[in-house]
Structures are given as structure tokens and as C-alpha cells.
Engineer: 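So that we are looking at the same thing, I have put the structure below in C-alpha cells.
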There are 2 protein chains.
Amino acid sequence: MVAAATRQQIVEAADRLFYERGFEATSFADIAGTVGLSRGNFYYHFKTKDELLDAVITHRLLETRSMLDGWEAKAEAPDERILSFINLLIVNQTKIMAHGCPVGTLCGELAKLDHIAKSRAAELFDLFRHWLSRQFSAFGREAEADALAMHILMRSQGVATLAAAYRDEIFVRNEVENMRAWLAAQRPGTPVFPETDSRQHS
Amino acid sequence: MVAAATRQQIVEAADRLFYERGFEATSFADIAGTVGLSRGNFYYHFKTKDELLDAVITHRLLETRSMLDGWEAKAEAPDERILSFINLLIVNQTKIMAHGCPVGTLCGELAKLDHIAKSRAAELFDLFRHWLSRQFSAFGREAEADALAMHILMRSQGVATLAAAYRDEIFVRNEVENMRAWLAAQRPGTPVFPETDSRQHS
DNA sequence: GTCTATACGAAGATAGAC
DNA sequence: GTCTATCTTCGTATAGAC
């Protein structure tokens, strides 16, 4: 096996296991076992666990960028693009109910460990934040674009956390519907009454 | 030292360290060092780490119940009581920006570890959920009380996660303000327009 | 590039003296 | 009830053969 290919396999296995079990709880032996490598050979590719974590974060950053590019290519309208973000909670529902949001849980774990890579993991949030912010600007909400981006990011994090705690599909569907309604109400010039009701529905 | 007092000291130290560093990352040596005990003596009080975790969760459940009772005693009006919950994000802002929400992060970690105590930790969420639900019922929103409770719980989790990732006080204040506005809009009979605007403000 | 063998330290847990 | 000493397991990391 070519080194680059093996390395890639390791990164992808680590990516999955870090998400499913957490960074600290995943051992080199777990990853080596998944890939079908010996523990010894592992160190030919990654000298330390932190180096591997860095590669995993880089991998996630690339994948995230590619996903955001895909959403941009798929729709011209900024609100349709933002809907792609909201729909991620549905698309990844099963995984999220089992393991939470990959970004939120990694950042949370690294914060508690006071890990050097904490700020790099937060770049994953930044990717979403700034992409969303650009969409809200294009939506005609330049002045509040960043706050709106943070708001919807906040909601997706809250939904993911409670989805994992309760494994409740109906809750997820409800909140996704609330997010869609909220988004519709953000359109400039939309009459606030009576179509958009800030009152929550069950 | 009386056994019960030492035990209580251990539980409180573990409670703090589990919150600050996480359950797995906290060793018996850390806790013993904090309390000023030898590692050996530790096992006189708790035979396993899981037993200690159980005691910590029990302790948190008691403290949470007592806090909720306090909020009920302090205000008759259900919306004022719910405001106490929202204000928790401000009262505990410093800790939350450093370590996230104690409930959300513990549930998240135990979920990844697939730990037996996961469901017990989720009882902490249940305490808030059902208390909030009762307040929304008293507020005149019986039919949607549980969904409203989940919604505000979701928001507080999302705010806590992003607060820890960005350590941004202004974001927290903004979102707390949004939560208050949302709550005001939940009062039955409140005109939706023009006072309550579902549009987000920066 | 991959393997086996092994060093080293950390952490959970136990035994037995005081 | 608290201590010291010790056992065991596991996980990171290294050395060196193939």
C-alpha cells in the first residue's frame, strides 16, 4: 500500500472514531484495528496522537468547505442555501441522535482537555459561521448578518445536543420546522403579521 | 474526619473536576489531591469510578431540584420563573464560556463513552424540561408546554456550546435578549404585531 | 512500509499496616 | 479512616527485524 493511501485510511478511520467515541477515548489500537494495521506501523504515518488529530481536523475542514461549495452550487438564492444548512439536521439525523454534532462535541471535548488544537477545531465553526453570514448578507440583512449566522448555528447546536440526549425524532423535526419558519421571517420586507408568527407551535 | 463529611468533600471535588475537565480526563489522583487524601484511602469511600459518578449525578440532581424550588419560591408568575432559567446563562456566564453547560457536556461525554450512567445524567435534563413544561402550562400554553420547554432548553444548550467555543460575551447577551423577547411573545393573547417581532435583531 | 517486541508511564484498583 | 506499597491493565511511543 502506498503511504499516502494508508495515511488517508488512518485519517478517515480516526475521523469516524473520534466522532463516535470521542478523541481521548479512541486509542491508536482502535484505529489500527479498524484500518487493519499493526500499532507499530502506525507511527510510521503519525508520530503522535496530536499530529493525527491535526490531520483529522484538516480533513474535516476540507470536507466542510467542499460541502458548503456544493450548497452554493446547488442554489443561487441565499435562503435556499441556508435551508441546506438547516436540512443537515435531517440528513444526518441518525448520526446526530447517536453522537451529537461532530463540530460541537469535538470543540467541547478539546476545550475541557485544554488542548492545543481547540482553536483549530473552532475553525470548523468559523467555516459555517462565515458562510452563513455571507448568505444572510446576500439575503439583504448585511447589518445583522453575523448575529443571524450565530443564531442559526446556535440553534443547530442546541438541537444536536438535545437530539443526542433524548434521541427524539419528533423533537428534531419540530425544531427544524421552527428554524425554517424563523428563516422565512428574516426576509427583509416580509410582513411580520399575520404570516410570520413569532409564537412557537408544538 | 467523619466518613460522611469526607465523602461529601470527594463528591464536591469530583463534581467540579468532572465539569471542568470531563469525566474520563479526571483521575482519582486529581480528586484525591484536591481533597487532600491519599489515593488508597479513596477506595474506602468509593469502590469504583462509576460509583463516584453516580454519587456526583445524584448530588447534581439534588442541587438542581433545590435551585428550581428556589426559582419557584422567588416568583409566582410562570414567565418570571422561566426568566430565572434564561438568566442562568448570565449568572453562570464565566463558567459556561470556560466549560460549557454542565448537563449538556456530561450527557454528551457519557453518550460517546456509551456509559451506563448516560440515562441517569439525562435525568438532569428531565428536571429542567418538566419544570419548564409546568411553567408553560401555568402560562396558559398547556397544549404546547413540552415543546416550548424543549425549545428553550435547546436554545440554552446552543448558547452554551457556542459560548464555550467563542468565549464571546456579546453573543451570550444577544441571545439571552432574544430568548427574553421570544418568551414575551409566548404569552397567550399577546398581539403578534407590532410589539413582538419574530425578526431577529443584532 | 509493515511487522513483532518492548519500554514507559498513567490510572484504576487491592492489600495490609497503623 | 487513613496511610504506603503494590498489582494490573492499558495506551502512547520506540527499536529494530523483515
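Per chain, numbering begins at 1; letters A, B, ... match sequence-line order. FYI, side chains are in, hydrogens and waters are out, and symmetry mates aren't considered; it's all heavy atoms of this structure.
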Engineer: Under the rule for salt bridge (Lys or Arg N to Asp or Glu O under 4.0 Å), what residues qualify as partners of A/Glu20, not counting sequence neighbours?
Structural biologist: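 Applying salt bridge (Lys or Arg N to Asp or Glu O under 4.0 Å) to A/Glu20 gives A/Arg16.
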
Engineer: With distance as the sole test, does A/Arg167 use its side chain to make a donor-acceptor pair with the main-chain N or O of A/Met97 at under 3.5 Å?
Structural biologist: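 Yes; at least one donor-acceptor contact below 3.5 Å.
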
Engineer: Are B/Thr6 and D/dT2 close enough that a side-chain N or O sits under 4.0 Å from OP1 or OP2?
Structural biologist: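 Looking at the OP1 and OP2 atoms of D/dT2, one of them is under 4.0 Å from a side-chain N or O of B/Thr6.
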
Engineer: How far apart are the closest heavy atoms of A/Ile152 and A/Phe85, and which atoms are they?
Structural biologist: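 Minimum heavy-atom separation between A/Ile152 and A/Phe85: O-CE2, 3.9 Å.
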
Engineer: For the pair made of CZ in A/Phe28 and P in D/dT9, what is the distance, rounded to whole Å?
Structural biologist: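 It works out to 23 Å between those atoms.
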
Engineer: Check this for me, if you would: do B/Glu177 and B/Arg180 make a salt bridge, where the nitrogen-to-carboxylate-oxygen distance has to be below 4.0 angstrom?
Structural biologist: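 B/Arg180 and B/Glu177: salt-bridged.
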
Engineer: Enumerate the residues from residues 35-60 of chain B whose closest heavy atom to DNA chain D is under 4.0 Å, giving them by residue number; use none for an empty result.
Structural biologist: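 Heavy-atom cutoff 4.0 Å gives B/Leu37, B/Ser38, B/Gly40, B/Asn41, B/Tyr44, B/His45.
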
Engineer: Provide, to the nearest angstrom, the distance between the CD atom belonging to B/Glu24 and the P atom belonging to C/dA10.
Structural biologist: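 Distance check: B/Glu24 CD to C/dA10 P gives 17 Å.
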
Engineer: Between A/Arg129 and B/Tyr166, is NZ or CZ placed under 6.0 angstrom from the six-membered ring centre and within 45° of the ring axis?
Structural biologist: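 Yes, A/Arg129 and B/Tyr166 form such a contact.
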
